[in-house]
Amino acid sequence: MSRIPLIAGNWKMHCTIAEAVSLARQVASSAKGLTDRQVMIAPPATSLAAVSEAIQNSSVLVAGQNVAWKEEGAYTGEISPLMLRDAGASMAIIGHSERRHIFREDDAMINQRMHGALAGGLAPILCVGETLDEREDGHTWQVLEQQVVSGLEDIDKSAIEQVVIAYEPVWAIGTGKTASREQAQEAHSFIRDLVGKLYEKRLAEQIRILYGGSVKPGNVDDLMQMPDVDGALVGGAALQADSFDRIIHFQ
Ligand code: PGA
């Protein structure tokens with residue numbers, strides 16, 4: 001069993017089109033020659049098409065930061081799987097904590113987005129993670145179980161190979177506070193066991209589980225040592241070409 005590590009950059013609400021294209025070109029050049037890992041970037045929707053075109057000859061994957069569950073229709077503000085693919089994306093981030101907490105997306109909606117992505121030919125990254133209060137109150141496992149079970153509800157065994165899960169403790173996102181590698185490992189192993197119970201052990205061994213939350217050049221090597229950490233979802237440090245370069249070259 002070997003899982004190809006995935007380093008994913010989530011640019012959130014940053015970059016004009018020109019800035020995004022320039023950063024994407026630098027990422028593409030950093031990723032040149034890397035064959036033992038995958039690199040993905042999720043620019044804002046406005047620059048997806050330009051970014052995809054600028055790096056079309058590179059191995060860097062492009063993702064949407066969210067995705068709707070219908071191909072088209074009266075859904076103001078939403079972007080469909082068809083539109084994301086049309087703009088060159090092959091993946092989509094779903095259920096990011098900022099979507100859950102700022103925009104009040106609930107588990108049911110996140111599950112619909114998962115189905116939309118898979119039906120529309122996009123590989124989803126399902127984000128899960130507990131808040132600080134939930135951790136301190138001893139509810140971490142309950143929260144993770146609820147988010148993983150609902151996120152994957154009614155997703156067929158045949159589709160699960162496309163799915164990536166990102167464990168992102170909310171208290172570590174954008175705070176400079178990273179989970180220790182032991183905390184990350186414990187959560188990843190819990191999630192993998194859960195996927196094994198929901199599907200089968202073989203599929204649980206294949207699914208990639210990324211860690212997200214203040215991943216930086218200085219802690220990525222440590223986190224990537226852990227057996228169940230299969231990559232990283234990087235926010236702030238993905239916006240600087242040199243930091244992201246160091247992160248994708250984790251050892
Ligand atoms: P951060 O963000 O690396 O800035 O903590 C991670 C994320 O939100 O995916």
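Order of listing sets the numbers, starting from 1, for every ligand and every atom in it.
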Exercise for the section: Compute whether any side-chain donor of one residue and acceptor of the other, for S189 and Q185, lie under 3.5 angstrom apart. Expected result: no
Problem - Any N or O of G235 closer than 3.5 Å to N or O of ligand 1 - result: yes
Practice task
Verify side chain to side chain contact (heavy atoms under 4.5 Å, CB included) between E134 and V170, making sure each step is shown before the conclusion.
Solution key: CA-CA 10 Å; E134 288 163 344; V170 180; 5.9 Å; no
Handout entry: A237 heavy atom under 4.0 Å from ligand 1
Key = no
Completion exercise
Note: ligand 1 atoms sitting under 4.0 Å from heavy atoms of H96 are 7 (C), 8 (O), 9 (O)
Handout entry: T175 N/O to ligand 1 N/O under 3.5 Å
Key = no
Practice task
Just need the protein heavy atom nearest to atom 9 (O) of ligand 1, so name the residue and atom and give the distance.
Solution key: E168 OE2, 2.6 Å
Completion exercise
If we number the atoms of ligand 1 from 1 as shown, the ones under 4.0 Å from a heavy atom of G213 are 5 (O)
Handout entry: No-hydrogen, no-angle side-chain donor-acceptor test under 3.5 Å, E130 and W141
Key = no
Practice task
Give the atoms of ligand 1, by number and element, whose distance to some non-hydrogen atom of G174 is under 4.0 Å.
Solution key: 1 (P), 4 (O), 5 (O)
Exercise for the section: Assess K216 for proximity to ligand 1: is some non-hydrogen atom of it under 4.0 Å away? Expected result: no
Practice task
Identify, by atom number and element, the atoms of ligand 1 in contact range of S214, meaning under 4.0 Å from any of its heavy atoms.
Solution key: 1 (P), 3 (O), 5 (O)
Problem - Option among R192, R208, R37 that satisfies the side chain to side chain donor-acceptor pair (under 3.5 Å) test with D230 - result: R192
Problem - Derivation of the salt bridge (charged side-chain N to carboxylate O under 4.0 Å, His left out) call for E205 and R3 - result: CA-CA 8 Å; E205 287 301 323; R3 299 182 290 266; 3.6 Å; yes
Practice task
Can you establish whether the number of heavy atoms outside E72 located under 6.0 Å from its atom CD is more than 12?
Solution key: no
Practice task
Would you check if there is a donor-acceptor pair between the side chains of D156 and S158 at a distance under 3.5 Å?
Solution key: yes
Practice task
Apply the test salt bridge (charged side-chain N to carboxylate O under 4.0 Å, His left out) to residues D221 and R246: give CA-CA distance (whole Å), side-chain angles for both, the deciding distance (0.1 Å), then the verdict.
Solution key: CA-CA 10 Å; D221 295 345; R246 175 62 187 85; 2.4 Å; yes
Fill in the blank from the handout: The atoms of ligand 1 lying under 4.0 Å from a heavy atom of G236, numbered in the order shown, are 1 (P), 3 (O), 4 (O)
Exercise for the section: Have a look at ligand 1 and work out which part of A172, if any, has a heavy atom under 4.0 Å from it: side chain, backbone, both or neither. Expected result: backbone
